[in-house]
Every structure is written in C-alpha cells, then in structure tokens.
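Contents: one structure, followed by commentary.
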Amino acid sequence: TKGVLRTFYPTFTSGDKFHKSFACAVAEMYGADISRVYRKNKHLINFTTLRLTDADAIPGNQFLNLDERDSLSLASEISNRIVLLGTSRLTIDHHMTPLGYNLSGVMIHAHIINALIDGKTIRTVNPLVTYFICFIMSFVLMMIKRNNRSRNKVKIEWRYKIVWALLTFLCSIIIFSLIGTIIYCKCNLFID
C-alpha cells in the first residue's frame, strides 16, 4: 500500500553534486563492496537480514549521567560495532514496512546497512526475464489444454470453458508465485 517503505536510493544529487546515501557510505567505510548497488536507481530493502526492532534500541537516558563504571561497560558493549544515533520515538520519524509494523528511520538505516555489509541485498530480475517466464508458463498451459481437447472429442459448453479459463489463470498465478518465492528464498532474487 502507499506509504510502505520498500526501497532506498543508493545515491542522490544535490544541485550538481553527486552523493552516496548514508547507508552506502557507512557500509563502504566498514569495507563492504557495494559497487553493483550503485548501478541501479532504487533498491529493495531486505528487512529480513536484521532481527532488530525499535524495542531493541538502547534508550537515550542510559547515556545520560553515566559514571565511570557504566561508561566502561557501555564502551565494551559497543566497541567494534556500527552505532547509529537517532530517535526511536515513533511519533517523530516512523515508516511503515513490509514487516507489518512501523520502524523508526534509524532502524531502517540499520537494516539497509546490515544487508549491504552481509551482501544480502535483494537483486531484481530484468522485466524481459519475467516476460519470458510468463511466456513459457502460458505455452505449457496451452499445450496441456490442447492435449485435453484432442483426447476428448466431446463438445464442451461455454460455461465450462469459462471455468477452465479461470482455473488456468489461477493456477498460473499460483505457480508463478511459487517459483518466485523459491527463487527469492534461495537466491535473494526478486521477480516482480
């Protein structure tokens, strides 16, 4: 639905200057090779790579009035990690996600950075490949129908033809969705 955050822009321009997005710049500083990410205008956000929600954020009041002992434990907890500072209050900076709940902007950046570092960005299939898969599925379904017609020489009423067409259509959607789900789960490859 409108307003659900699914994509991010790896680069943007301001005036005549070219800039990397915050998540891409952080991932590159961490040593991730994201050269192929820059080749596309928009990328799908892989929210499944990080199991963090806003409830997992460290509250800001824990950073206030730290004594020396607390600051040492906090320093050991966050050393060698990427630390993002931002609000997790859902009244200020919140976005709907495909996960079914709101996330703060800083948590969305954490998901993007994690996917870039782990190399688990979602790749999308060229639309021509999608059309080719649809063509093959249609061809196979037509061959199945043709074989059924050649075996049964009985004249079929128009109502049954409509039912057969609807069932064929529904089966093709289910098969296409199943193939797309398997490819996405195994290869992080999204077929629109």
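Heavy atoms only, all atoms of each residue included: D33 and S35 are closest at OD1-OG, 3.3 Å. Pairing each heavy atom of L116 with each of A32, the nearest pair is O-CB, 3.8 Å.
Atom OH of Y38 is surrounded by more than 12 heavy atoms from other residues, nucleotides or ligands within 6.0 Å. Shown here is Y131, whose OH atom has no more than 12 heavy atoms of other residues, nucleotides or ligands within 6.0 Å.
Taking the side chain as every heavy atom from C-beta outward, C24 and V37 approach each other to under 4.5 Å. Contact check for L44 versus F8: no side-chain heavy atoms found under the 4.5 Å cut-off. The shortest distance between side-chain heavy atoms of I191 and V129 does not fall below 4.5 Å. In this structure the side chain of I34 never reaches within 4.5 angstrom of the side chain of T121, judged on heavy atoms. You'll find the side chain of I183 stays beyond 4.5 Å of the side chain of F190, heavy atoms only.
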*Are I117 and I82 close enough, and set up right, to give a side-chain contact (heavy atoms from CB on, under 4.5 Å), and what steps lead you there?*
CA-CA 11 Å; I117 289 171; I82 297 173; 3.5 Å; yes

*Would you sort out whether R123 and H43 count as a side-chain contact (heavy atoms from CB on, under 4.5 Å), showing the intermediate values?*
CA-CA 8 Å; R123 295 173 292 140; H43 270 277; over 6 Å; no

*Check step by step if side-chain contact (heavy atoms from CB on, under 4.5 Å) holds for I113 and L84.*
CA-CA 10 Å; I113 291 167; L84 302 178; 4.1 Å; yes

*Show your reasoning for whether side-chain contact (heavy atoms from CB on, under 4.5 Å) applies to I112 and F47.*
CA-CA 8 Å; I112 297 169; F47 284 101; over 6 Å; no

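Here the CD1-CG distance, from I45 to L103, works out to 9.5 Å after rounding to the nearest 0.5 Å. How far CD1 of I136 is from CZ of F139: 7.5 Å, rounded to the nearest 0.5 Å. Going from atom CD1 of I173 over to atom CG of L178 covers 13.5 Å, rounded to the nearest 0.5 Å. Atom CZ in R81 sits 9.5 Å away from atom OH in Y30 (nearest 0.5 Å). Distance check, rounded to the nearest 0.5 Å: CE of M107 to OG1 of T53 gives 6.5 Å. Note that OH of Y9 is 5.5 Å distant from OG1 of T7, once rounded to the nearest 0.5 Å.
For the residue pair R6 / T97, no side-chain donor-acceptor distance below 3.5 Å is found, with atom types taken as modelled.
By the rule that hydrophobic residues join a cluster once side-chain heavy atoms approach within less than 4.5 Å of another member, L189 and I133 end up as members of one cluster.
Under the 3.5 Å distance criterion, the side-chain polar atoms of D118 are left unmatched by any main-chain donor or acceptor of K120. Using a distance-only test at 3.5 Å, with no hydrogens or angles considered, no donor-acceptor pair links the side chain of N46 to the main chain of A115.
Below 30°, between 30° and 60°, or above 60°: for H109 and F22 the angle between ring planes is above 60°, a perpendicular geometry.
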